[in-house]
Structure formats: structure tokens, C-alpha cells
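Proteins come first, then strands; the chains are lettered A, B, ... in the order of their sequence lines, and each starts at number 1.
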Amino acid sequence: MSLQKLTDFSTYKLSILDEQGKVDEKLLPKLSNTQLVELYSHLINLHVFDEKALKLQRQGRIGTYGSCAGQEACTVGTAYAMEKQDWTFPAFREHGVFMTRGVPMVNVFQYWGGDERGSKVESDMNCFPVAIPVGSQPLHAVGCALAMRYLKKDAVAIGYFGDGATSEGDTLEAMNFAGVFQAPVVLVCQNNQFAISEPRSLQTRAETIAQKAIAFGFEGIQVDGNDVLAVYQAMKQALEKARAGKGPTLLELYTYRMGDHTTADDSTRYRNKEELETWRKRDPIVRFKTYLTAIGVLTPALEEKIMNEAVSKVERAVQAYETMPAPSPSDMFDYMYAQLTPELAEQKKNFLAHLSRVNNASSSKSGEGPGFP
Amino acid sequence: MSLQKLTDFSTYKLSILDEQGKVDEKLLPKLSNTQLVELYSHLINLHVFDEKALKLQRQGRIGTYGSCAGQEACTVGTAYAMEKQDWTFPAFREHGVFMTRGVPMVNVFQYWGGDERGSKVESDMNCFPVAIPVGSQPLHAVGCALAMRYLKKDAVAIGYFGDGATSEGDTLEAMNFAGVFQAPVVLVCQNNQFAISEPRSLQTRAETIAQKAIAFGFEGIQVDGNDVLAVYQAMKQALEKARAGKGPTLLELYTYRMGDHTTADDSTRYRNKEELETWRKRDPIVRFKTYLTAIGVLTPALEEKIMNEAVSKVERAVQAYETMPAPSPSDMFDYMYAQLTPELAEQKKNFLAHLSRVNNASSSKSGEGPGFP
Amino acid sequence: MKANMVQALNNALALELESNPKLVLLGEDVGVDGGVFRVTEGLQSKYGKDRVIDTPLAESAIIGTSIGMAAYGLHPVPEIQFSGFIYPGFDQLISHASRIRFRSRGRFSCPMTIRSPYGGGIKAPEHHSESTEALYIHTPGLKVVIPSNPTDAKGLLTSALREPDPVMFLEPLRVYRAFREEVPDEQYTIPLGRANVFQSGSDITIISWGAMFRQCVDAVKEIQEEEKLSIELIDLRSLSPIDWPAVHSSVQKTGRCVVVQEAPLTLGLASEIMARILEKNFLHLKAPVERVTGFDTIMPLFKLENYYLPSAERIKSSIRKVMQF
Amino acid sequence: MKANMVQALNNALALELESNPKLVLLGEDVGVDGGVFRVTEGLQSKYGKDRVIDTPLAESAIIGTSIGMAAYGLHPVPEIQFSGFIYPGFDQLISHASRIRFRSRGRFSCPMTIRSPYGGGIKAPEHHSESTEALYIHTPGLKVVIPSNPTDAKGLLTSALREPDPVMFLEPLRVYRAFREEVPDEQYTIPLGRANVFQSGSDITIISWGAMFRQCVDAVKEIQEEEKLSIELIDLRSLSPIDWPAVHSSVQKTGRCVVVQEAPLTLGLASEIMARILEKNFLHLKAPVERVTGFDTIMPLFKLENYYLPSAERIKSSIRKVMQF
Ligand SMILES: Cc1ncc(C[n+]2csc(CCOP(=O)(O)OP(=O)(O)O)c2C)c(N)n1
Ligand SMILES: Cc1ncc(C[n+]2csc(CCOP(=O)(O)OP(=O)(O)O)c2C)c(N)n1
Ligand SMILES: [Mg+2]
Ligand SMILES: [Mg+2]
């Protein structure tokens, strides 16, 4: 008979490398110089890719594209901490996860170029395809994690989502299942302050995304998402914890979407320049570069080499993408089920017959290429 | 560059009347003796109704029924704190909310007797009908609350749900919307420790349901759900807060489902007697009776009178229910849209014609009542 | 005014916001941004943040809270950003919006208009191009409307905004900015449940709706010159309820029919139209009804999109097939 | 063994759990309680808590986590307690389960069997009695199965549990305990996609599935004695894909057909069957196909339930109508 206190909770924020490029030595992850350079190269690769993709979109060479500018450290930092046998379940802005994990860049171009073959990664690439429905992917990561444990694999599943996605029931259900089953999963929220035009404050009254884990009885932590070392370190620890059977972690990577939502968006409609400028000073790549230069790992020559390699890598990928033969209309039918059903076989047959009739007619008429189906 | 603490949170539990019938005077709600007796009468009404409903089900006079035994204080205590203009959105175990708010008992029997007319309450009764899909109702309460505020009404919406429902995305989305829009809503969770066969521990790793509010940036509190005074008091405060424009509250009413999930369930399959016996000692009605007797508000004579009135009230309701003319097959068509569509008009006409053909044929054959449609 | 479909819809919303204080718009990005297709552009600044509400990203909550608002007497107009994202809120639609009147024997109701861009043809990413109107047509208690031009869009939306029951208002995004036409400035309604006989004819009936109706107009224009056919062309507009008298009287006249839908073949609306024609016009039919549809496949990403969508060529060959039967 | 449908399903699950270590069952109350209909009774105690998993109450999470399990190589068998509660998980089905193979061009897939009791007739509360198979049949990438008897139930479920793609396995709860029959003890499969011609005949074809198939058996028994008709009776069993050759060859023989479904009329599977018959058998048809269906209304609470459900009487009058055309 009282108003009795039951429990106390607290939330924390991790940062290691500050905006001036200074680090907290105590918290520094153990990375060799080679690894530091590799990490830097991944960031540069992603950055060059991203700028190219925006260009290709403007030229109509790929479709609608969602830039990850400003958020490079989030995907590169988390992916770099993983093991090969881990599985990733991206939302749609995780190009850096694909590329850091070794998915060929051409696949990423293909996907955004409107071609499903881009999502057909090699059988040892444990990268689930981009899926657009916001918040729907973390559940897959949780399920995969449960299967990993059931099959006694030393593997972790990682689910990505945005700040907007934390409003979707599915994301919250995923957190709950992760908690209840103590799944070997890491749930990674790229809190880039926006869901299209809506600022973070419109998504939730909670001060942090990290504290949402309290609702589900496990640990959440906010991390400076523009600090690749903090991201890497937090991820490494979360992965180790999961691998050790100690359950899930929610990482809130606090960052900022520097670009428009996608190429179909115009962010000047809903946000002001000043905020953008504040965040430009927190650029994750510049910050890391300052640090690497200060500790002597990065020299101007090495920097240039990395940049040149990235540029030519991206150019090769673009070329591969653009010289790829077009997908076949048969693909529409052939990947619906493991075996074509009689129904689909008939639809396919009729359609291909129609196509060849139309093409014959038009080529006999005009001598030109294939007609409109 | 640090591991920096961001925020602290705490959860609390409110109880006023203990298992021995002793109260914490400081926390006691201001209720007159008449009100205390009224509150007690509501509990007894509900209890007698519930026992009768179980009997009717066994005799095949109503359908599957979900008993609220053990949870009487939760619905009666919250409903008693409301104003007429408030709206309630029940799940399916809130018979006590209907009856305390003045919905005729016969309606409740009708509903469980498989007749939608039971949900057709009077136009000044702001009681949304029972809806079975778990967790789907709190959103309606939040939406209603937003409409109340928009229309500048001095009213609050109340959404009910169970512990099981806290796993559903919809319930969590409702909490989030309530928080973001600071809706004048009270979200009431009857945590009766079970969702059919599954114990509370299977629904969430969180120690309390109350702490789920932290994820959405507003206040949650655990309340002894077998203590009608604590329930009333917590609800009163939450309602006042909402009415004052100070936003939502999550109440976790900590209680226990004494009966089977429904009459279709057999709880001996999944829980042990000891736990049940522990909780029997916490009976909310007995506890309140002890207190009322101790302070001299309840005498044996008054107690008997209340019981007799409840019994005859229930009997009258059963009689009204059982003498009610059957619903008409036309009702299937007539309440689909404000106006019957031409399509449904035709389906209805054809079906009624079929029915009268069949009935004529069978009555001319056998002289008996209406045949099978 | 000269308006494309986006502008016509925006105008319908503005006029109804003006005249009905109980109308409230809500959804993702509908406020400051004016909606990703700009259908709600300028409405928040004009009518206020309490009438044009940017919500968190949660379709079930958008529809679910709309249900609560509707029960209390408002007419909410939730926008779902693309019809492919309605499904998180499907339970609220099928278990509540469509049932509240029935469940409460009329004591409560759910007047709301769910707007959502719909259909393919603009090279959008996955989930932005599907045609799943059949799911809603099959759900008792909902009404379903799909306009094919700006003028209809305004009149039909205005009707929907005054309906006492929930309406799925699906907007073919391929038509959004495809063309402009003269649209009346004032408020007007086009009743739900009535088809538009766009052109009369006696040889064959073509039935379609939404973006595919535009495709039919093109195909018909070509083929009626090429083959001297007299074609009756019907735009259904309202898919639930459907104007069956318009369908039946046309087919009774022509005896031949082609139905064109963008949705997958199996159990798309064309199936129902064919079933009804078989039931009611068996003896009038001179040939089996043909349908031109999407395939029973996932709508492919845009490199293959044009193969999936019914083309004027496919429509024309079906017309020829029926005529030659 | 003598078994009702519940026992036959339980047996199918037990045998497959025994022989396939990658099979995992999950859902609400499927473990300790053995499922509210006892289909999973005894399986958790025999096969362990990591293979028969009681989950939190969240259908989207049940289906969503199953998708992740399936991707990693398990064959999850989520149970949804009643088909009326699938909808919170509808997005996971329609946006993911059905698409993962296609989306990844075969790199990932989703072998899973979603089991759910389905249909009316047992005086259950609201949402426990609907027949919404059409939603899944219309969704490309899913398979849909509905058995009508214990023997089929076991064989079809065993097939579904070995399918490399997602299967909606809907169990007519009205048949669950309606009767027992001799069911083979050993494991066996009945291929998906094949109808069962339950009885051959030459005057008229009756097509149905699930609980309505039992209703048809009764109606046919009565009417063939009363009116000396030779009736062909087809149990579809598999609704996606459908055994169209069985349908067409029967109707080509009889020229007359009645389709019986419990679902609402508009865009229920009967519509598709009628459309296909019109397309393929127009010249064989002696009469329009008739359908006996539920109405385009909400399934009423149980006081009116028997008015909603197609009765033997209604089936018989449709048969008479077709015969007299
Ligand atoms: C279920 C669903 N609703 C709406 C959309 C449309 N949409 C695409 S991205 C987006 C915003 C996502 O915000 P956030 O989760 O923060 O991710 P970000 O774009 O910032 O990376 C929206 C609303 C969608 N893809 N899926
Ligand atoms: C969406 C949905 N899933 C499943 C069910 C079946 N079901 C009915 S009640 C129930 C348990 C509910 O538990 P809880 O929320 O704790 O409420 P209680 O029954 O304890 O009052 C379940 C699983 C349902 N009605 N709705
Ligand atoms: Mg974001
Ligand atoms: Mg409970």
C-alpha cells in the first residue's frame, strides 16, 4: 500500500572520435593500421559510388535513388565489424553494407537500375536484398537469428532500419521477439533525423530511439553515427554479445541525412540550410581522415591512391552495369516458384508468342528493333 | 568522446488497499460512503453476471464466453472514474466497463449469445462494441481522443487491452501515436498474467508493462489491479491529466485471470493450482468488502441487499435476452452500408425469396416451422 | 480550370476542407511536404496543422486512428503513400473499418476516405506499382473507386468525402500528370456506383478503369480506324459497388466483350465481370469474353515493367480475337 | 488409424518433425497447450521447446520471423490461431513471403507452411468464421491448399511441409472433428495442384472445396436420388495452383456446372472458375454456370450464421436451375 519504486533505467551515448578528430583512447577499438586504411577505403568507395549514382539518376541511367551521403560511417562501420557467416537484412539505404561485405558494386547499380538480378548475390554472400516496406525487415533478422541458434551456428543476424521505421509495429514486434527469445541479433537504427520530410521529433515523443529497448527488456545504446570508430566499436561489442548467447542489442546510430530522401524528393521544401551546415561540419569521412592523418596512417599520397582506386572501381562497375544484357521477360515467370506452375507456364507461353508476333510484325513493317509488347 | 549518460527513468507501482483490507490513508481517493457502496454494488453485479454467463454457456444458452473473474476491480474501478462524455474502446473481457457505464446487461448477454444487436447501445452510451482482434482497439481510442481535442470537447478516450496484446504492433503503434500527439487518452492494460495458455513472461522480457511507455516518451504506471481503490485513483488521475491537456497515460493493472481463458479453454493444461490459490487470497471483492465492513460502510444486511438486487437484475436480464425475438436474416444485408447497394439489394431479395420457398415447401410438407435455409 | 489529376484532387480536397469543418487529412508527409505527389500541397498552410496532419510512419496507426476519429464524427482522409504500403493497415481495414456499422447494428459507423496512389507505369521502385484493388472489392463493407481522368477524379473524390461509409480511393499514378483538361472550378459530385459509357458502339464492349482505361482509349482509337469497328467503351470508375446494369445492357447489345485490367490475372476484377456476364448474358454472347491483364507474377522492377503492363497491342489482339470468334 | 482431421494433421506434423530436423513449428499456444484446436497436441513435449515454439501474441512477427528462418534454411510452420487473425501479418505475406524468390532471382527463398483454421459453422465469435482464401489466391507467389477430409489433410499437409515455396494451408474447422475415417499410418503425400474427382457423372459438374465440399456431398446424395441425375463431384483441394485440366475436362463432358463456395460472392474463387469455363468451354456449355456462395456481407455472429452459409437446399436449387435451363 504505497507508491513504490520498481526499477531504474538509464540510457547512454557512445562517441570516440570527436568533431575535431580527437579520440578517447580508452574506448578505441583495436584496429591495425591496415584495417584503419581498409575502413577508410570503404568509406571512400561508398562516397564515390553514391555521387556517381546520383549522377546516373540525373542522366536517366538508373531509376529513383536514395543517397547515403552523411551516413557512410553507419553502414561501413557496422559491416566492417561483422564476420563472413553473419547475415544482414537491410532496409534500402544500406548500400555501404552490401559493398563493405563484398557484394560487387555492379549489383547495387543493377538494383537501382530496375533489375532484380542485382539482388542475386553469390551463394556465400549473406546479404538479404533491399526491401522497401519500411520496418518490415528487422523481423527477418530476428527469425534468421533464431534459425542460426537452432542450427548451432556461430553467426549473428543484423537488421537495419531508419528512425521513421521505429514507428512501424513490425519494428517494435521485432524488438519484442528479439527480447523474448534472446535472439543473437543486432538491431541497427540509422537515425538520420528524417523520414522523407518528417523530422525525428514527429516519429516519437521519446528523447532517444535507444530507450525503446527498455520496453522490451534488453539493452539499447545511442552511438555517434558520424564517428566510424564508435560505430565499429559498438557494433563489435553487440556482435560479440550476441555470439556469446547474451542476447540482442539495439544500436541507435545518431546521424544525419545530408541529401534528399531520394532523387524524387526536394528537401529544401521542409528543412533549413543552417541545420545542414551544422551537420556538414560533422562529416564522418572528413573527421576520420583528420584522425588518420594526425596519427600518420594516412598520407596525401595514400589518400589520392585510395580515391583513384575508388573512382576507377566505380567506373568499371558502371560499365559492367551498362553493358549487361537486358533481363529477359521470361524472368517474370521463371522465378515465381521453384518450379513453374502449369498456369504460369501457359501465361508465359502465350505472352512470349504474343511478343514474337508483335516483333515479327513490326520488324517486317519497319525493319526496326522489337516493338512495344 | 565518451560513454555519456543521457537520461534516467523509473517505474512505480501504486497500491492503496492491501490484501488484509488495510489502506494507505494518504493515497485514498475522495469517495463518499454512497459512492463506496455504489462501487461495491458494481463489483457484485459484475460478479453475479459473470457466474450466470458461465452457467448459460454450459447450458448452451449463450456461446463461447470469456469470464472476468478475479479482474472485476480493473473494469469497474476504471469505468467508475469516468465521465459520461468519455468514450471507451474495450477488447473483449471488459463486461464490467459496459455495465458500470450503464449499458443494459441484456446487451452483454445478447452479444455473447451471437447477436450483433447487443452491440447497438443507446446513442448517448459512448461504449464502442467488443472487438476480438487482439491489440487492434487502442488505436481507435487514440483516434477518438484526437477527434475530441479537435472538436474541443472536454472528453477522454479510454482504450483497453490485455498483457498479450502488448506484443501486437498495433498496441505499440497506439502508444506511439498517443505520445507523439499528446492525445487525451488513457491506455489501460489488464495484465492478468496470461494470454490463453501463455504466461506473461512469454510476452515480453520487460519486467513490467508500465515501462513500455518509456519507449514512447510518456508516463506508465503499474497499479495493483485487485485493489479497486488504487485502480480508481490511478484512473481518476490519468483522466484528469488527459482532460487538462497533459497527455496520455499507460496504466498496467496487475491482476490475475482466475477462470479459463474462455469457456472453450481448459487452463488446467498449462497452469498449476498453487498459483491460483495464491491469487484467490487477493480477491478484489473480498478485499474491498473487508475494508468497507471495517470502516462501517458495509453491514451484513446491506451486503445481502446488494447481492439480492444483483441476482434479480441478472435474472431479469436473462429473461429479457431469452424472450427477445430472433434477429432477422435481413439484418445481414441491411447494416452493411448506410444505404443498401443495388448489389446487396439483389442478393437480399434472392435470398429472402429462397427462404420463403424453402419454408413454404417444408411447412406444406410437414406443417413444421421454418426449414434450414 | 486546366488541371491534371493531381491538381484536380488537390482542388477537391481544398473545397471540401473549406465547406466541411469535420474533414481532416492525415498521413505521412501530407503536411509540410504536401504529399510525395503534391496532392495535398498547400493545404496545411491554408487549413492548419490540426486539419492536415503529418503522422508518424505507421499505416496501421494511420488507418486505426482514422477509425476512432470517424466514430467520433469526423470524416478523416488518411493518405497511404503508395497502395503497396496499405498492408500493415490491412487488418484495421478488414477487421474494423468495413465492419463497424454492421458490428454495432448502425450505432457506430466509419465515414472515411482512404486515398492512395496506385498502379504501375512510372518506373518506380518495388511495391510502388501494384494493382491490388481486388483485395478491397472482395472485402464486404468497403467501397472502391478508381478515376481515370481529372474531371472524374474531382467529382468522385468529392462524393467519397461525403460518403457515410469507408471508401478506398485509388489514384492511378500513371495518370497523375499524364494530361490536363478543363475541370469545372466549382464543387461537384459524380455519384459512386455509376460507370461512364465513354463511347457507344455496337460491335463489341470494352470495359476498363484507371490507367488501363487510358490504354484502352488508345487501342480503340487505333483499331476502330484499322478495322472499321463500332466499339462501346466503358470506364467503370466505381469498382465496389459496380454499375452492373451498364455492363449488362452493353454486352446484351454487342454480344462481345473484352475486359482490361492491370492487376494479376487470377481473381482480378475481370474474373467477376466475366462471371456476371456468363450468369446474365449467356444467350446474348457471340464469343467468349476475353481479358487482357497483368500476369500472375510479382510486378517486376522497371526494366521489365512494360512487359508486365497490358499494352495497346495486347488489347488490340484480344479485340481481334473476340471479333473473329 | 481411425482419425478425424485434427488427428490426421497432428500425425502429419509429428511424422515430418521426426524425419526433417529443419522443420520448426511456432505460434500462439501451439506448445504447452497443443494449439487451441489441439492440432499440435503433444508435439512440444516430444520434440522440444526449440522445435515447437510458443511465441508472443503477434501475427506479423510470427510470419516475419518465419521468413527469416526460412531464408536461413529451416522450414517453419507458423500457426495462425484463426484465419481471421492473419491480417496483422498480411504485409509480411504479400510483401515478403511471396516475393523473396522473385526479388532475389532465386538466391533466397521462403519454404514455409502457414497453417490456420478457417471457415464458419461452429458458432464461434466474430472473426473466427470467415473464408478469405481469395486474398491469397490472388497473391502471386503463394500456394493455397484447403483439405476437406482427414486423409487428404494428412497427405496435402505433408506435401506442403516439403514445398520449397510458401503455402497457405487453411483447415476448415467445421470439418476438424466432424467425422473420423481410416487414415494410413505411414507418411504419404498428395501432390499440390491436383483436384480429386470424388465421383464421376455426366449430367452436371459440381466444384467445391473445404467444408463446403462436405455440404455438396450431402446435397448431391439427396438430389441424385430425388431426380436421377448423374453428377460429377470435384474437390479442388489445391486452390493455387488449380487443377484446371480437371475442371475443363469435366465441364466439357457435362456442359453444366455449379460452383459452391463459403466466401462472399464477389471475387470469391467461383468467379475465377466461371471466367475460365467461359474462356475455354464456351461452346460446350449447355447452361450458364451457377454459383452458391456466402453473401457480400460480414459473416454474422452465430445467431444468423446458418443463413449465411450455403446450405444443401441452396445447392440443390442451383443444381435444379442449371438442369432446367
Ligand atoms: C510501409 C511503408 N510505408 C511508407 C513507405 C514510403 N517511404 C519510403 S522511405 C520512407 C521514410 C523512411 O524513413 P526512415 O525509416 O527514417 O529511413 P530513411 O529514409 O531516413 O533512411 C517512407 C515513408 C514505405 N516504403 N514503406
Ligand atoms: C489478432 C489476434 N490474434 C489472436 C487472437 C486469439 N486470441 C483471443 S484472446 C487471446 C489472448 C489474449 O490475451 P490478452 O491480451 O492477455 O487478453 P486476456 O485474454 O488475458 O484478457 C488470443 C491469442 C485474437 N483474438 N486476435
Ligand atoms: Mg530516417
Ligand atoms: Mg492476459
Side-chain angles (χ1 to χ4, degrees), chain B residues 63-64 66 92 110-119 130-136 162-170 195-199 202-204 261-262 264-266 269-271 326-329 331-333 335-336 341 343-344 347-348 351 354-355 357-358 361-362 371-373, chain D residues 27-38 41 53-62 64 81-82 84-89 91 122-129 264-266 292-314 316-318:
Chain B
T64 307
F92 44 83
Q110 268 184 296
Y111 173 78
W112 294 98
D115 183 349
E116 285 86 354
R117 291 175 305 176
S119 297
V130 169
I132 304 278
V134 168
S136 63
D163 47 316
T166 64
S167 299
E168 287 281 5
D170 269 15
I196 308 189
S197 73
E198 300 192 5
L202 249 171
Q203 294 302 332
T204 177
H261 169 68
T262 66
D265 176 47
D266 170 10
R269 292 173 69 92
Y270 54 79
R271 67 181 182 185
S328 154
D331 290 1
M332 281 198 294
F333 305 94
Y335 293 96
M336 287 302 301
T341 61
E343 173 68 30
L344 279 173
Q347 292 184 26
K348 174 179 167 182
F351 181 56
H354 167 84
L355 270 187
R357 269 195 311 278
V358 174
S362 78
F372 193 65
Chain D
E28 299 156 11
D29 306 291
V30 299
V32 178
D33 203 32
V36 296
F37 286 102
R38 311 290 178 244
E41 172 137 41
I53 306 168
D54 275 323
T55 67
L57 207 176
E59 289 75 13
S60 191
I62 292 169
Q81 207 159 71
F82 286 89
F85 306 133
I86 295 175
Y87 310 118
D91 186 47
I122 62 156
K123 291 186 177 303
E126 199 188 352
H127 303 283
H128 293 65
S129 304
L265 183 146
T266 297
V292 186
T293 72
F295 303 107
D296 286 329
T297 69
I298 305 300
M299 176 85 184
L301 293 187
F302 65 79
K303 282 242 157 83
L304 292 175
E305 179 177 49
N306 280 336
Y307 290 98
Y308 181 92
L309 295 170
S311 62
E313 267 318 321
R314 281 172 66 200
K316 280 158 61 181
S317 29
S318 284

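- At least one donor-acceptor pair under 3.5 Å links the side chain of B/Glu198 to the backbone N or O of D/Asp29.
- Using a 4.5 Å cut-off between heavy atoms, D/Gln81 touches chain B through its side chain atoms alone.
- The distance from atom CZ of D/Phe302 to atom CD of D/Glu126, rounded to the nearest 0.5 Å, is 13.0 Å.
- Checking side-chain atoms of D/Glu59 against main-chain N and O of D/Ile86 turns up no donor-acceptor pair under 3.5 Å.
- Atom CD1 in D/Ile62 sits 7.0 Å away from atom CG in D/Leu57 (nearest 0.5 Å).
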I'd like to know whether D/His128 forms a side-chain contact (heavy atoms from CB on, under 4.5 Å) with B/Thr64, so could you lay out the CA-CA distance, the side-chain angles of the two residues, the decisive distance to 0.1 Å, and finally the verdict.
CA-CA 12 Å; D/His128 293 65; B/Thr64 307; over 6 Å; no
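- Formation of a donor-acceptor pair under 3.5 Å by the B/Asp265 side chain with backbone atoms of B/Ile196 is not found in this model.
- For B/Ala165, the part lying under 4.5 angstrom from a heavy atom of chain D is the backbone only.
- Only the backbone of B/Ser328 comes within less than 4.5 Å of a heavy atom of chain D; no side-chain atom from C-beta onward does.
- For the options B/Tyr111, B/Tyr270, B/Phe333, heavy-atom pairs under 4.5 Å to chain D are most numerous at B/Phe333.
- Residue D/Phe85 touches chain B through its side chain alone, counting heavy-atom pairs closer than 4.5 Å.
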Could you walk me through whether B/Met332 and B/Gln347 pass the side-chain contact (heavy atoms from CB on, under 4.5 Å) test, one step at a time?
CA-CA 11 Å; B/Met332 281 198 294; B/Gln347 292 184 26; over 6 Å; no
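- By number of non-hydrogen pairs under 4.5 angstrom with chain D, the leading residue of B/Pro133, B/Gly63, B/Ala195 is B/Pro133.
- Of all the listed residues (D/Glu28, D/Glu305, D/Arg38), the one sharing the greatest number of non-hydrogen pairs under 4.5 Å with chain B is D/Arg38.
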Check the pair B/Phe351, D/Tyr307 against side-chain contact (heavy atoms from CB on, under 4.5 Å), reporting the backbone distance first and the verdict last.
CA-CA 9 Å; B/Phe351 181 56; D/Tyr307 290 98; 3.9 Å; yes
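- Ranked by heavy-atom pairs under 4.5 Å with chain B, the first of D/Val32, D/Asp54, D/Thr266, D/Asp296 is D/Asp296.
- If you measure heavy-atom distances from B/Leu344 to chain D, the contacts under 4.5 Å come from the side chain alone.
- Side chain of B/Ser167 to backbone of B/Gln203: a donor-acceptor contact under 3.5 angstrom is found.
- With chain D as partner, the option from B/Gly113, B/Ala326, B/Ala264, B/Gly135 having the largest number of non-hydrogen pairs under 4.5 angstrom is B/Gly113.
- Chosen from B/Glu343, B/Met336, B/Lys348, the residue pairing most often with chain D at heavy-atom distances under 4.5 Å is B/Met336.
- In this structure, the portion of D/Ser317 lying under 4.5 Å from any heavy atom of chain B is its side chain and not its backbone.
- Both the backbone and the side chain of D/Pro300 come within less than 4.5 Å of a heavy atom of chain B.
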